[in-house]
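Just so it is clear, the structure is predicted and the values come from calculations on it, not from any experiment.
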Number of protein chains: 2
Amino acid sequence: MEPNALLHLDNQLCFALYACAREVTKLYRPLLDELGLTYTQYVTMLVLWEKDDIAVKTLGERLHLDSGTLTPLLKKLEASDLIRRERDREDERSVIVRLTEQGQSLRERASGIPSQVFQQTKLSPEQIASLREQLHELTAVISLQEEQAKR
Amino acid sequence: MEPNALLHLDNQLCFALYACAREVTKLYRPLLDELGLTYTQYVTMLVLWEKDDIAVKTLGERLHLDSGTLTPLLKKLEASDLIRRERDREDERSVIVRLTEQGQSLRERASGIPSQVFQQTKLSPEQIASLREQLHELTAVISLQEEQAKR
DNA sequence: TAAAATTAAATTTTATACAATGTAATTATA
DNA sequence: TATAATTACATTGTATAAAATTTAATTTTA
């Protein structure tokens, strides 16, 4: 093997992931601009479109994001009238997020986005699904490691 | 098919990538802390360890990063005495980056990192290689799309 | 049940990302 | 060859990310 091949950029899975994730995000930008959303705001809305009336904590677990990222992001979505934030009366430590009418209806305008991006990837639905599952598994393994590392 | 299944978070390849990339980066953090590097600084050093004496432009193409990200990052690496930045005398528009002695020698301290991370992924070398190649291909396809979109 | 521990958000700090703009140097062209 | 176009980098502004700290609320426990 070549000397130090393990340190070569193109041999790093981490870099392949890092670069690919950013390129894919870039594909969304022009589409999301029309909705007035950033990519992170978009995935936040995806979660809420599936089920709103959830705590910031729950959102964070779903998105792998903590309050340092979510709090300002949610305030912006609230300023755009897409969501409302309200303290949970049962447990005042929690903040509950719910969609406004506008937030609900934005879903329709977003509904065409996945297929538009899909076309640009030039991958088959099977390739997409396979890649997605490999990544989900890897993410799950790593999340578990990090969970355990905390103890 | 379920209504709007295309908009479900777990069906998005983009989110699988986005979440996985961040989790993998988190795995590196404790290891890179010992070297005093952030993840982006680490991949920058990987490029330079392969070949230094290159322009910021070249670095950016290799890393898919622009000067808005690289300029401050390189200034920090210079402040840490790992690199030097110098105008190209042949073409004063370019800035050439080269490793210092310290930058060179940091390579040895970094050499064990890839295998340490590899172990934590619980993937076989073949699975890693396969996933990496799928991501490289997808990145290449998308980069090409974006290249063409500019015209 | 009062004190200690835990939890959920918010805040602060540091470091990316990237679009848009500015500037200086270089190259192309009328 | 003067000027227009291009190029490389730096700067500015906006939006993440994530660690660390703070605050307020809730739960556990001695």
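Below 30°, between 30° and 60°, or above 60°: for B/F15 and A/H64 the angle between ring planes is between 30° and 60°, a tilted geometry.
Taking atom OH of B/Y28 as the reference point, atom P of D/dA18 lies 16 Å away to the nearest angstrom. Atom CD1 of A/I54 is separated from atom P of C/dA8 by 14 Å (rounded to the nearest Å). Going from atom CD of B/E78 over to atom P of D/dA10 covers 10 Å, rounded to whole Å. Distance A/I96 CD1 to C/dA10 P: 11 Å, rounded to the nearest Å. One can place CG of A/L70 at 9 Å from P of C/dA9, the figure rounded to the nearest angstrom. Summarising the geometry, the separation between CZ on B/F15 and C1' on D/dA17 is reported as 14 Å, rounded to the nearest angstrom. One atom, CG of B/L74, and another, P of D/dA8, lie 16 Å apart when rounded to the nearest Å. Rounded to a whole Å, the NZ atom of B/K75 is 13 Å from the C1' atom of D/dT12.
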Using side-chain hydrogen bond (donor to acceptor under 3.5 Å, both in side chains), reason through B/S130 and B/Q134 one step at a time and then give a plain yes or no.
CA-CA 6 Å; B/S130 157; B/Q134 291 172 67; 3.1 Å; yes

Start with the C-alpha distance between B/L106 and B/W49, add both sets of side-chain angles, then the distance that settles side chain to side chain contact (heavy atoms under 4.5 Å, CB included), and finish with yes or no.
CA-CA 9 Å; B/L106 193 65; B/W49 286 327; 3.9 Å; yes

Side chain to side chain contact (heavy atoms under 4.5 Å, CB included) between B/I96 and B/R85: does it pass, once the steps are laid out?
CA-CA 6 Å; B/I96 301 295; B/R85 295 157 67 248; over 6 Å; no

Determine, step by step, whether B/T25 and A/L17 satisfy the side chain to side chain contact (heavy atoms under 4.5 Å, CB included) criterion, reporting the C-alpha distance in whole Å, the side-chain angles of both residues, the deciding distance to 0.1 Å, and the verdict.
CA-CA 9 Å; B/T25 300; A/L17 273 165; over 6 Å; no

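Under the salt bridge (charged side-chain N to carboxylate O under 4.0 Å, His left out) rule, B/R98 has a single partner from B/D53, B/D52, B/D88, which is B/D53.
At distances below 3.5 Å, at least one donor-acceptor pair connects side-chain atoms of A/Q127 with backbone N or O atoms of A/S124.
The partner of D/dA30, taking Watson-Crick or G-U wobble pairs whose two distances both stay under 3.5 Å, is C/dT1.
The phosphate of C/dA9 (OP1 or OP2) has a side-chain N or O of A/S94 nearer than 4.0 angstrom. In terms of phosphate contacts, A/K57 brings no side-chain nitrogen or oxygen within less than 4.0 Å of OP1 or OP2 of C/dA10.
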B/S/- along nucleotides 13-27 of chain C (protein heavy atoms under 4.0 Å) is --SSBBB-----BS-

